Amino acid sequence: MYGLVDCNNFYVSCERAFQPRLLGRPVVVLSNNDGCIISRSQEAKDLGLKMGEPYFQVKPVLLRHGVQVCSSNYALYGDMSRRVMHYLASVAPEIEIYSIDECFLDLHGLEPYCGEFTQLAAEWRRQIGRRTHIPVCIGLAPTKTLAKLANRLAKKQPGGSGVLCLDSPERRQWALEHTPVEDVWGIGGQYGRKLHEQGIRTAAELAAQSESWARKQLGGVVGARLVRELQGRPCQGLLPSEDGSLSRKSIACTRSFGEPLSDFADLSAAVAHFTSRAAEKLRRQGSAASVLTVLLSKNRFGPEPPPHSRTAVLTLPTATSDTGELLRHARAGLRRIWEPGTVYKKAGVLLDGLETAGQQQLLLFEPNEQAERRAQLMADLDKINQRFGAGAVRFAAALPQKGTYVLPWVGQSQFQTPAYTTVWEDLLCIRG
DNA sequence: TCTGGGGTCCTAGGACCC
DNA sequence: TCTGGGGTCCTAGGACCC
């Protein structure tokens, strides 16, 4: 049996956990620079507000209905996510953290120790609510795809228990018949339209197709796997990891600017900042990168025809996780694509060709003191920043100009809430 | 005026090589 | 009129997921 735990309207729920006055009211959370709506409470959904809608377009609607607006607060969401995942990892045999607000559970082998999966999941759900104030729903089924489907139905039952277990063929058939085909995991807009044209409207009708048909219609092996999983035959297990956190094949740090930038100096500082952040993520998962991509984008909504972005892909002489070295390559990449007089709206750094860190040193015949000292320096840097806050110690290349700490690429977050759980100064104060 | 970020996987044309 | 074939890399983009 597989489980899928999904935090309901996660970002909004995190804000509500520390601001109970937001309960029962329409709330939305905005993306970077207060750009788009990325999380909505049920009340906000009921007003017809859509995922990804630009804030400036729906502002009148938000005002009219008194919708509470929050800028995104990733320090808070990341920490709340860790708490939920940590609890699940302590009670389930295996977990796979699928995203910041979702994780798969592998419950195989647990059957002898629990009478009813439904009761067990309901207890986990209750515990998560008690410990974090984050509401979750749990779907249980013999495959990951069916667990996703069960979760979706659990969420839709008004006043339901928040748990749905598809442990019999009859329940699975019922669930498939009550799921529109476009809501199946892996069916997006394109495939959804295509299936409707062929008269396939529900997950049940899709599950009734043959594997060879799916192979032809839905992108080869991926489609065949999807149909098998809907039929209750598992073809994907949990992805392996030490603690549930997936080891990524690529790591990115990209950002739209608050104000458009043109100067090489500004863009260089922004790219250096993104490189530093990406390098930190890289070291956190114990990897080294052998390919670095620098990305510059113009305004993709502007009147200019595409292309709107340029990339420079650099193959590094050896895989590295050293911020200093990555900064050198990033700067060289930026030089290659930057054009004077061009107005840019976004930049980014992507790290690919990831290997396990340390491996590449085995290629050397003698121990490399220099490399060891650099590795120690990076470890110390990460330790200091973990203790005193991100960016407490930085490379000078990631500073905008001598003596200033104003980052020209950082935009407005008008409705920022405190980082309640990760910054001492932001700790919630309750007066008795 | 303002329209996110981080992933995975795939496609397709052109350059270049054998 | 006819004018190789196959491989890799580079670049830009699409589809899908959260």
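Keep in mind the model is a prediction, meaning the values are calculated, not measured. Just so it is clear: chains get the letters A, B, ... in the order the sequence lines come, proteins before strands, and each one is counted from 1.
If you check every strand for non-hydrogen atoms under 4.0 Å, A/Leu30 touches nothing. The residue A/Ser72 sits apart from the nucleic acid: no heavy atom pair falls under 4.0 Å. Residue A/Ile100 is classed as having no contact, given no heavy-atom separation below 4.0 Å to the nucleic acid. Within the 4.0 angstrom heavy-atom criterion, only backbone atoms of the sugar-phosphate kind lie near A/Val184; the bases stay farther away.
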Secondary structure of DNA chain B in dot-bracket form (Watson-Crick or G-U wobble, distances below 3.5 Å, | marking inter-strand pairs): ....||||||||||||||

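For A/His178, the ring-ring contact (aromatic ring centres under 6.0 Å, His included) test picks out A/Trp174, with sequence neighbours left out.
Take the nearest nucleotide of DNA chain B for A/Ile251 and for A/Cys36: the residue whose nucleotide is more 5' is A/Cys36. Where A/Lys249 and A/Phe301 each meet DNA chain B at their nearest nucleotide, the meeting point lying more 5' is that of A/Phe301.
A salt bridge links A/Glu211 with A/Arg233; the closest basic N to acidic carboxylate O contact falls under 4.0 Å. For A/Glu197 and A/Lys194, the salt-bridge test fails: no basic side-chain N is under 4.0 Å from an acidic carboxylate O. Between A/Lys155 and A/Glu102 there is no salt bridge, since none of the side-chain N atoms of the basic residue sits less than 4.0 Å from a carboxylate O of the acidic one. Comment: A/Glu325 does not engage A/Arg374 in a salt bridge, judged by the lack of any side-chain N to carboxylate O separation of less than 4.0 angstrom.
Nucleotides B/dC16 and C/dC2 have their P atoms positioned 26 Å apart, rounded to a whole Å.
In the 5' to 3' direction, nucleotides of DNA chain C lying under 4.0 Å from heavy atoms of chain A begin and end at C/dT11 to C/dC18.
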